[in-house]
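Reminder, nothing fancy here: chain letters follow the sequence lines and each chain counts from 1. Because only heavy atoms are used, hydrogens play no part in the values below, and waters and symmetry mates are left out as well, while side chains stay in.
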Amino acid sequence: QEGQAGATRLNLSSDEPIQIESDRFEVDESKNIGVFIGNVSVVQGATLLKTARMTVHYAKSNGSATTGSAQIERLEAEGGVYLKSEGQVATGDRGTFDMKTEVLVLTGDEVVLTEGKNVIVGCALTVQMKTGHATLESCKSGESPGRVRMLLTPESQN
Amino acid sequence: MTSAVMAEVDESGAHAIKRSERGAEAFARARRHSRLVRVLKFVLPGAAIVITALFLGYSLLSSAGWGGVDLGLTSIENGELVMRNPSLDGYTRENLPYSMTAERARQAVGDENGAIRLEGIQASLPLDETDRATLTARSGVFDRQKDRLTLSEGITMTTTSGIVARLQSAEVDIGANVLSSDEPVQIEMEGMRLRADTFRASDGGNKLIFENRVRMELDPATIRQNREEESGNDE
């Protein structure tokens, strides 16, 4: 644990059931995708993800002898992403989660990571799910190129 | 106390986001629900087509070579031709056996094109070489004019791969190969349950559309346990 002020804990996993809700769910076999559309929310325990559209990409099912299901390769959330987990909130425009590399990436003009009063703004939040290690990259353009802006306030120095 | 500080964090500012050892599992959980794709693609439309075959089999009495059409005990009751336990079995293009029976089929006498009413439909359909599906529907009406089949009062479909689909009713537009239901649908398979208020399968089952209050529940423990059993290590 480097001595970063306001370390964030994005605890994403447990054995708790996951609920996914949306207005519509379309499965398109020919494109090997399933798309949750409209008010999409994914809840697991204290973790909540909200987005407008979430696409599940399946690998081409190899039609093995067993009814091996097509494996899920990647999830993509678009139309704004809100991710809350025990006191931390991350928001961005788009999000992707690659099942193989287990990397979650939240991107957008302004990716905001908030814990209590601590607000960190950048353009891409990358979370290595295996290690839980997260990196917030700065925006190349925008008013403070090359820098991640971080706001600390007294009470948060717990 | 430190005042509010705008601290510059260098480009690679890192924050430890803790996760318990099954961190990625949270997103891997949905893996099993993809099996739904395989089932609904084959079974629901397939069931409809086979049910239709039963009726065509019935009305094409004379044509030979239509699988085994057993018209069961046929009698005339108050102006209706009543067949008890008609059954039909045959083979799909992939040479996999299917069979279909109904407790009763009724059609107005002298009205070959009239609707055929069925009670107690039971079908066994191949999913692929190893998996089969059993479909039951309490009642159905086959309208040959409109080429439509309406199943009602509860439809249940179970597959040997452990999938259970429950519909209250279903409309099958045979010509357009579209199957739909505007009543709640529930589909369950190991560790996943999907519910919605309406459902439509079209494009030969390639496209499945669930709408209105779509809810999917995934149970991590069951899914992981099933995956370990089935695949050993297929990652």
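Closest approach of A:Asp23 and B:Val214 over heavy atoms only: O-CG2, 3.6 Å.
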Q | side chain to side chain contact (heavy atoms under 4.5 Å, CB included) assessment of B:Arg215 paired with A:Gln19 | A | CA-CA 7 Å; B:Arg215 287 141 288 149; A:Gln19 276 93 22; over 6 Å; no
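A salt bridge between B:Glu211 and A:Arg24 is present, with a side-chain N of the basic residue lying under 4.0 Å from a carboxylate O of the acidic one.
The CZ atom of B:Phe199 sits 11.0 Å away from atom CZ of A:Phe25, with the distance rounded to the nearest 0.5 Å.
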